[in-house]
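What follows is one structure encoded as structure tokens, with my remarks underneath.
Just so we're on the same page: letters track the sequence lines, and every chain starts at 1. Predicted, not measured: the structure shown is a model, and the values here were computed from it.
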Number of protein chains: 2
Amino acid sequence: MAKEREQTISDAVIKRLPIYLRYLTYLDRMGVRTVSSHQMGKELGQNPAQIRKDLAYFGEFGRKGIGYEVRYLIKKIRQILHLDQLIPVALVGAGHLGTALARYNAFQQDNMRIVAIFDHSPLKAGREVDGIRIQPMEELKQTVKDKDIRVGIITVPDYAAQEVADQLVDAGIEAIMNFAPTIIHVPPNVRVHHADLTTELHSLAYYLRHPEYIVM
Amino acid sequence: MAKEREQTISDAVIKRLPIYLRYLTYLDRMGVRTVSSHQMGKELGQNPAQIRKDLAYFGEFGRKGIGYEVRYLIKKIRQILHLDQLIPVALVGAGHLGTALARYNAFQQDNMRIVAIFDHSPLKAGREVDGIRIQPMEELKQTVKDKDIRVGIITVPDYAAQEVADQLVDAGIEAIMNFAPTIIHVPPNVRVHHADLTTELHSLAYYLRHPEYIVM
DNA sequence: TAGATTGTTAATCGATTAACAATC
DNA sequence: TAGATTGTTAATCGATTAACAATC
């Protein structure tokens, strides 16, 4: 039933799946059993055809005339995203942002679990964040191996980000989420997502009304 | 010289401008005077033609045969993004993530300045974060008016996000950056950017190698 | 001058949306 | 049965890239 012929699927599609998943999880909590692409599209601000097409890349999950069974679709999307298995995550950089993310509940959900925290500063090593001991950078490689860590989150200052990325790659990490405000370069077999908080905020400024100009 | 005929410019273009700006600022700090679209593209992983085209929407900033003057281009991009004026920002939700962002240096740069922090909890009201007093929600509307606040950052839990968004809109805010893991709905004259930390992380899982399947 | 690089038009590529037969 | 809704193909739309004349 499911198409296992993985034609490469575009990033845009993959980025939407977790959004669908989140809404479906909400519906499930509300006790809703089935949902149509139309309903989902309305709530999420997306074209229903797009939602159907996105899902259809991976199989036939719906029923004509009925819609999608919420629980079943949740299960399927979790499978597609590999969120049906526990994914151990390492966080590097125990500053304000790093510790906030480690404590951030929404972040610790859905089987992605921060299981190790590293920091460059000897002052921080030994402290705990949410029950996880902060380790020195020297222990990164071994810990990644021991705990089977597959994803790294970078929350160090920009000037240190590339060096940390190199170390994560060297330790055998498969994917990196970078919160440092700089572009990092990694080999093609490692996936990087840039969570660009600053650029996101700055692009917002463009859309402000500008009363100081007379616009006509 | 600059085209003031604002054909609507696509979001994709606007989102790239702060990335250019950041790199140019770095170059300036390094003492670099001019840069070509080719150089920029190489560093930022982007097609040079795209960079030239993006910039050309707003004017002729480069010189044929030479490239772009770094300082001049910085100035121009800052103008385009309205970052040449101080933009007062309010942050709502003084939890872990909120306080971390308020203290986050990269966030307090480039004329976007968090000038007020609000929290629902009476326990938090009165405390300070980085010299800014946490105010109760009741004071939001008046403070937004008094301090001419134009942008709101939402860092409350998901279930509270829509309510906070409504209050920000009611107070006359022009743009919202939403960190709560949920979609919020606002009138069309208000701009919302979703900083979707969780979905970003979850989509990363898709790209992990999956040794448990035999892929052929 | 020769080489480099812009700004811009044209070509390509990819993503979104519309439409509809199939069917619950 | 009639109405609803999927999965999918075709049409549209938009964004990216290539190419090149202009020119520093």
Discussion item. With salt bridge (Lys or Arg N to Asp or Glu O under 4.0 Å) as the rule and sequence neighbours excluded, what pairs involving residues 34-45 of chain B come up?
Written reply: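 Of all non-adjacent pairs touching residues 34-45 of chain B, none passes salt bridge (Lys or Arg N to Asp or Glu O under 4.0 Å).
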Worksheet item: Tell me the salt bridge (Lys or Arg N to Asp or Glu O under 4.0 Å) pairs involving residues 21-38 of chain A, sequence neighbours left out?
Response: A/Arg22-B/Asp196, A/Asp28-A/Arg71
Response to the item:
Per-nucleotide protein contact along nucleotides 17-24 of chain D, 5' to 3', at a 4.0 Å heavy-atom cut-off (B base, S sugar-phosphate only, - neither), is BBB--BBB
Discussion item. Tell me every residue that passes salt bridge (charged side-chain N to carboxylate O under 4.0 Å, His left out) with B/Arg191, counting only those two or more places apart in sequence or in another chain.
Written reply: B/Asp11
Worksheet entry | salt bridge (charged side-chain N to carboxylate O under 4.0 Å, His left out) against A/Asp170, all qualifying residues, sequence neighbours excluded | A/Lys141
Fill in: Close side-chain approach of B/Met112 to B/Val151, heavy-atom, < 4.5 Å
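Contact flag for B/Met112/B/Val151 side chains = yes.
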In whole angstroms, how far is the [atom2] atom of [N] from the [atom1] atom of [X]?
X	N	atom1	atom2	result
A/Tyr68	D/dA4	OH	P	18 Å
B/Ile51	C/dT8	CD1	C1'	16 Å
A/Leu73	D/dT6	CG	P	11 Å
A/Asp54	C/dT16	CG	C1'	10 Å
A/His38	D/dT6	NE2	P	10 Å
A/Leu55	D/dG7	CG	P	7 Å

With [X], which residues qualify under side chain to side chain donor-acceptor pair (under 3.5 Å), at least two apart?
X	value
A/Gln39	none
B/Arg52	B/Ser37
B/Asp158	none
B/His194	B/Asn178

Worksheet item: Using a heavy-atom distance cut-off of less than 4.0 Å, which residues of residues 11-31 of chain B contact DNA chain C?
Response: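 Close to the strand, none.
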Worksheet item: Where each pair must be Watson-Crick or G-U wobble with both distances under 3.5 Å, what dot-bracket representation of DNA chain D is obtained, with crossing pairs in [ ] and other-strand partners as |?
Response: ..||||||||||||||||||||||
Worksheet item: Got a sec, which residues hit side chain to side chain contact (heavy atoms under 4.5 Å, CB included) with A/Lys75, two or more places apart in sequence or on another chain?
Response: A/Gln79
Discussion item. If I compare all heavy atoms of A/Gln162 with all of A/Ile184, which pair ends up nearest, and what's the gap?
Written reply: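 Closest heavy-atom pair between A/Gln162 and A/Ile184: OE1-CA, 3.3 Å.
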Discussion item. Is the phosphate of C/dT5 approached by B/Ser37 (side-chain N or O, under 4.0 Å from OP1 or OP2)?
Written reply: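 Negative; the distance criterion is not met.
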